[in-house]
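Let me begin by presenting the structure, written as structure tokens, before commenting on it.
On a predicted model such as this, the values are computed, not experimentally measured, just so you know. Residue numbers begin at 1 in each chain, while the letters A, B, ... track the order of the sequences.
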Amino acid sequence: MITMHPSFEMLRPGKKFPTVWCPGCGHGIVQGAIIRAVQKLGIPRDQMVMVSGIGCSSRMPVYVDFNSLHTAHGRAIAFATGVKLHNPKLHVIVITGDGDALAIGGNHFIHAARRNVELTVILLNNNIYGMTGGQYSPTTPIGKRASTAPYGTAERDFDPCALAVAAGAVFAARGTVFGVVELEKMIQQALAKRGFALVEALSPCPTLYGRLNREGNAVKMIQWQKENTINAKAAAKLPPEKTAGKIITGVFHDAEVTPYTEVYQGIIDKAQGQKQ
Amino acid sequence: MAKNTTVEAARAEIERDFQAGYDLPVYVYKPWCKSCEICVALCPKRVLEMGEDRKPVVARPADCIQCRMCELHCPDLAVFVTKEKG
């Protein structure tokens, strides 16, 4: 028995493929993981809304056959909050990049986490502004080169997961495209979560970040992820010198807090004079 | 170069190949392949190899263990495993 690609049914009909992303870009791998996570949870496509801002990653809603919203730079979370409040039954996924979520949309990001709006935010972190030509972003590690930092950036980088947890998110996890199976499980957990859930997906940019920092082609960058990331559970058992300089992956935070739409419904009921 | 086609066209083309008796464990839909070589590099059994047209070819079909590493890591949904495990 020979079978067709299991993800084809979730692709947008009539849209021309392949995607706009460069050869070896990790964003397509994350897209595959999202498709499989939605398929495994059995969420109907009509109940999925994919909202994105601007950037390489934000091209994704064009290719996946969900309800979609491609919005202004950095404002994806703001639009998504509106969608979720209007119809809390919808599953709202926000696709955003490191620059989109943490620089231009930094305030939307922390305040949505503070309010605990039920959004699944997938932050595709490629450490650079890819679409506009390789400027350094809030997650470019200190000392790494970008087109606007030819001698290396002098700024420290954000840890998006720690930022989200500090702001009040109920779920924060970091995965890699090398560990796409774990990433898919994290996305499944995040989708099932009632509250602001962040999944940071480390996605290599071989065309700009890789070339400017001489990190090699897509294959080398994916293998770098294998060698330089360590799971939080494994890292906890190792002495600190063995985990120094490595990126920790895994689920960092998983809490239960009353979601915003539920609190807000309480306000609506009160205002309309109904007893809770 | 990758060639632009819709998912409907891709599905029809692949199904035609299946009906013509395609029997390899991995299928490479070449119009969507961007020659990034990730599938070739991540296959634990070296089933795939880069062909002369810079697209992967199924060089050692008998060695495939259906681990789906190629399928899961292909950014362009161009490679997939055609047979179930077991």
| Can you name the residues of residues 93-101 of chain A that have some heavy atom under 4.5 Å away from a heavy atom in chain B? | none

| Would you say B:Thr82's side chain and A:Ile2's backbone share a donor-acceptor pair under 3.5 angstrom? | no

| For the residue pair B:Asp76 and A:Pro18, what are the closest heavy atoms and their distance? | OD1-CB, 3.9 Å

| field | B:Leu77 side, atom CG; A:Met10 side, atom CE - distance, nearest 0.5 Å | value | 12.0 Å

| message | Side chains of B:Glu71 and A:Pro6, heavy atoms from C-beta outward: is any pair under 4.5 Å? | response | yes

| message | Less than 4.5 Å apart, side chain to side chain, heavy atoms only: is that true for A:Lys15 and B:Thr6? | response | no

| field | A:Met1 portion near chain B, given a 4.5 angstrom heavy-atom threshold | value | backbone

| field | Toward chain A, the part of B:Ser35 with a non-hydrogen atom under 4.5 Å | value | neither

| If you measure from NZ on B:Lys83 to OG1 on A:Thr3, what distance do you get to the nearest 0.5 Å? | 10.0 Å

| query | Does the pair B:Arg11 and A:Glu9 meet the rule for a side chain to side chain contact (heavy atoms under 4.5 Å, CB included), with working shown? | reply | CA-CA 10 Å; B:Arg11 192 188 277 275; A:Glu9 58 183 81; 4.2 Å; yes

| query | Are the side chains of A:Thr19 and B:Lys34 in touch, meaning some heavy atoms are under 4.5 Å apart? | reply | yes

| message | If we define contacts as heavy-atom pairs under 4.5 Å, which of A:His27, A:His5, A:Lys16 has the most with chain B? | response | A:His5

| field | For A:Gly24 against B:Cys36, the heavy-atom pair lying closest together | value | N-CB, 3.3 Å

| message | For B:Arg46, is the CZ atom crowded, meaning more than 12 foreign heavy atoms sit under 6.0 Å from it? | response | no

| said: Given heavy-atom pairs under 4.5 angstrom as the criterion, report whether the side chain, backbone, both or neither of A:Val30 touches chain B. | reply: neither

| said: Is any side-chain heavy atom of A:Val180 closer than 4.5 Å to one of B:His73? | reply: yes

| message | Looking at every non-hydrogen atom in both residues, tell me the closest pair between B:Cys74 and A:Ile29 and how far apart they are. | response | C-CG1, 4.4 Å

| field | Side chain / backbone / both / neither for A:Ile222 at chain B, heavy atoms under 4.5 Å | value | side chain

| Looking at A:Pro13 and B:Val7, what are the two nearest heavy atoms and their distance? | CA-CG1, 4.1 Å

| task | Taking the side chain as every heavy atom from C-beta outward, state whether A:Phe178 and B:Leu42 have any atom pair closer than 4.5 Å. | result | yes

| remark: For A:Cys25 and B:Pro75 the tightest heavy-atom approach is O-CB, 3.4 Å

| query | Which is it for A:Met4 and B:Ile14 under the side chain to side chain contact (heavy atoms under 4.5 Å, CB included) test, yes or no, and what are the steps along the way? | reply | CA-CA 8 Å; A:Met4 182 61 74; B:Ile14 297 167; 3.8 Å; yes

| Are B:Leu72 and A:Arg36 close enough that some pair of their side-chain heavy atoms sits under 4.5 Å apart? | yes

| said: Using heavy-atom distances under 4.5 Å, tell me whether B:Val79 contacts chain A through its side chain, its backbone, both, or neither. | reply: backbone

| Are A:Phe8 and B:Trp32 an aromatic pair by the rule of ring centers under 6.0 Å? | yes

| remark: Applying a strict 4.5 Å limit to non-hydrogen atoms, the region of B:Glu37 in contact with chain A is both

| request: Take atom CZ of A:Arg59 as the centre, draw a 6.0 Å sphere, and report whether it contains more than 12 heavy atoms from other residues, nucleotides or ligands. | output: no

